[in-house]
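Beneath this line is the structure, given in structure tokens, with notes to follow.
These numbers come from a predicted model, not from an experiment.
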Amino acid sequence: MIVSKLIGGLGNQIFQYAIAKNLSIKLNRQLFIDISEYNEYKLRSFSLHHFNINSEVIANFNSFRYIHKFKSIQIIKEKSLLYQHDLKINNSNDIIYLDGYWQSENYFKENLNLIISDLTIRSALGDVDKGIINLINNSSIPVVSIHVRRGDYISNSFTNEIHGTCSVDYYKRAYNVFKNKLKSEFIVILFSDDFEWVRDNIDFIDNCIYSDHNDSKTDFADLYIMSLCDHNIIANSSFSWWGAELNLNPNKIVISPAIWFNDFDKNLTSMNIIPENWIRI
């Protein structure tokens with residue numbers, strides 16, 4: 001079997017699911033996701049149950065392994081942010097256990113369409129979400145999502161030191177790219193975990209709708225709505241990365257920050273995070 005250790009928020013969980021799903025297809029093995037870490041990790045919660053994912057969930061991996069008496073296990077730990085071309089999998093083991101963030105499309109590109117089909121919404125959407133979706137579906141002009149990620153990128157000193165936040169200048173430049181490329185009116189739907197900051201700083205958008213009604217328990221709805229937009233401006237965040245990745249518009253334009261991490265060495269090794277056909281600014 002393939003077991004993927006889940007940790008972090010929704011975007012990270014989808015990356016961790018995607019690599020495991022790809023391996024389970026390639027090796028013809030059953031897929032499990034291990035959510036044991038959420039017994040202690042309280043910053044985020046397990047969120048993949050909102051999607052039609054095809055896997056079994058393990059609430060406590062040590063108990064699971066003991067009960068089923070699995071003898072051999074290969075633990076594959078992510079070595080760095082660089083894409084690892086060869087994970088050196090030994091297929092003779094009972095369990096192949098994945099431990100990492102795996103933030104690169106290269107880990108699952110060959111089965112991306114199947115993974116996307118798993119990531120359809122299972123949970124019910126609220127009335128406001130349905131209203132925004134109706135607006136997108138019936139809009140006669142393009143709709144662009146913008147994601148402003150702050151939250152723990154600001155409040156948690158350790159996270160802030162690693163990630164930092166995208167500047168107002170980044171969002172201005174990204175917005176102007178669309179003004180130049182689309183050469184027509186367009187609607188912006190703005191998503192954020194800090195709308196107080198947004199209202200004070202993102203004041204240059206002509207036609208903007210705030211999606212400010214969801215929280216960490218319903219952020220799956222924001223992710224889904226991002227994916228329905230024609231184009232996307234993302235933050236240095238795996239959450240909006242997946243909002244853009246799940247966008248099925250064949251002509252989509254995705255703008256991403258060129259600087260993904262504050263840490264210089266991490267940023268040098270993280271360039272495989274951004275697909276080649278996305279615009280980095």
Side-chain angles (χ1 to χ4, degrees), residues 9-22 24-26 31 47-55 102-126 128-147 149 174-175 177-178 181-182 184-191 207 209 211 214 218-257 272-280:
L10 178 54
N12 285 325
Q13 292 173 45
I14 299 177
F15 271 116
Q16 291 153 356
Y17 173 76
I19 183 176
K21 178 60 182 281
N22 185 63
S24 74
I25 295 169
K26 288 175 63 176
L31 170 59
S47 300
L48 292 187
H49 60 282
H50 295 297
F51 299 86
N52 289 299
I53 61 168
N54 184 21
S55 68
W102 316 109
Q103 292 184 352
S104 174
E105 190 183 58
N106 295 322
Y107 286 118
F108 50 82
K109 188 186 296 184
E110 61 201 293
N111 286 299
L112 180 59
N113 289 338
L114 289 173
I115 291 164
I116 288 175
S117 70
D118 287 353
L119 295 169
T120 53
I121 294 292
R122 170 186 293 165
S123 295
L125 296 169
V128 178
D129 296 315
K130 291 176 182 177
I132 295 174
I133 291 168
N134 187 58
L135 180 150
I136 294 170
N137 291 337
N138 292 287
S139 177
S140 60
I141 59 177
V143 180
V144 178
S145 76
I146 295 180
H147 180 225
R149 170 69 184 272
Y175 178 67
V177 167
F178 278 106
K181 280 186 173 292
L182 298 182
S184 67
E185 287 187 75
F186 58 93
I187 299 170
V188 168
I189 301 178
L190 199 150
F191 304 83
N207 192 359
I209 296 168
S211 181
N214 286 313
T218 55
D219 59 357
F220 67 91
D222 279 347
L223 185 75
Y224 177 60
I225 294 171
M226 285 182 197
S227 75
L228 299 179
C229 294
D230 297 293
H231 311 289
N232 311 93
I233 296 172
I234 72 171
N236 55 335
S237 161
S238 59
F239 182 78
S240 49
W241 189 101
W242 274 104
E245 180 79 347
L246 296 174
N247 180 349
L248 299 180
N249 175 15
N251 300 311
K252 69 183 178 184
I253 301 169
V254 180
I255 297 180
S256 162
N272 50 261
I273 291 176
I274 308 301
E276 292 181 0
N277 59 337
W278 294 7
I279 300 171
R280 302 176 187 177

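Put simply, the side chain of Asn272 never gets that close to the backbone of Ser104: no donor and acceptor are under 3.5 Å apart. Remark: side-chain polar atoms of Asp230 are paired, donor with acceptor, to backbone N or O of Val143 under 3.5 angstrom. Checking side-chain atoms of Asn232 against main-chain N and O of Ser145 turns up no donor-acceptor pair under 3.5 Å. A donor-acceptor pair is defined here as one N or O able to donate and one able to accept, closer than 3.5 Å; no such pair exists between the side chain of Ser139 and the backbone of Ile136. Proximity of a side-chain donor or acceptor of Ser55 to a complementary backbone N or O of Leu31 within less than 3.5 Å is not detected. Remark: the backbone N or O of Leu10 is not paired with any side-chain donor or acceptor of Ser47 at under 3.5 angstrom.
The side chain to side chain donor-acceptor pair (under 3.5 Å) test with Asp129 is passed by exactly one of Thr218, Asn134, Asn214: Asn214.
Taken to the nearest 0.5 Å, the NZ atom of Lys109 stands 11.5 Å off from the CG atom of Asn22. Summarising the geometry, atom OG1 belonging to Thr120 is positioned 9.0 Å from atom CZ belonging to Phe51; distances are rounded to the nearest 0.5 Å. Distance check: Leu182 CG to Ile253 CD1 gives 5.5 Å after rounding to the nearest 0.5 Å. Remark: Trp242 CH2 to Ile116 CD1 distance equals 7.0 Å, nearest 0.5 Å. Distance check, rounded to the nearest 0.5 Å: CG of Leu114 to CG of Asn54 gives 10.0 Å. The structure places OG of Ser227 at 11.0 Å from CG of Asn249, a figure rounded to the nearest 0.5 Å.
Proximity of Leu223 to Leu119: side-chain heavy atoms (C-beta onward) are nowhere separated by under 4.5 Å. Using a 4.5 Å heavy-atom threshold, the side chains of Lys181 and His231 count as separate. Taking 4.5 Å as the limit, every side-chain heavy atom of Phe239 sits out of range of all side-chain heavy atoms of Phe191. Residues Ile14 and Leu48 form a side-chain contact, since some pair of their non-hydrogen atoms from C-beta on lies under 4.5 Å apart.
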Practice item. Begin from the C-alpha positions of Gln103 and Asn12 and carry the test side-chain hydrogen bond (donor to acceptor under 3.5 Å, both in side chains) through to its verdict. Key: CA-CA 8 Å; Gln103 292 184 352; Asn12 285 325; 2.8 Å; yes
Practice item. Evaluate the side chain to side chain contact (heavy atoms under 4.5 Å, CB included) criterion for residues Val188 and Asn207: first the C-alpha distance (whole Å), next the side-chain angles of each, then the deciding distance (0.1 Å), finally the verdict. Key: CA-CA 6 Å; Val188 168; Asn207 192 359; over 6 Å; no
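Minimum heavy-atom separation, Phe178 to Ile255: CE1-CD1, 3.5 Å. Scanning all heavy atoms of the two residues, the minimum distance from Trp278 to Ser256 falls at CE3-CB, 4.5 Å. Closest non-hydrogen pair, Trp102 versus Phe15, comes out as O-CD2, 3.3 Å. Between Leu112 and Glu105, the shortest heavy-atom distance links the atoms CD2-OE2, 4.0 Å. The heavy-atom pair separating Lys252 from Asn247 by the smallest distance is NZ-O, 3.0 Å. Taking every heavy atom of both residues into account, Ala235 and Ser240 meet most closely at N-OG, 3.1 Å.
The ring of Tyr17 has its center no closer than 6.0 angstrom to the ring center of Phe108.
The neighbour count for Glu185 CD, taken as heavy atoms of other residues, nucleotides or ligands under 6.0 Å away, does not exceed 12.
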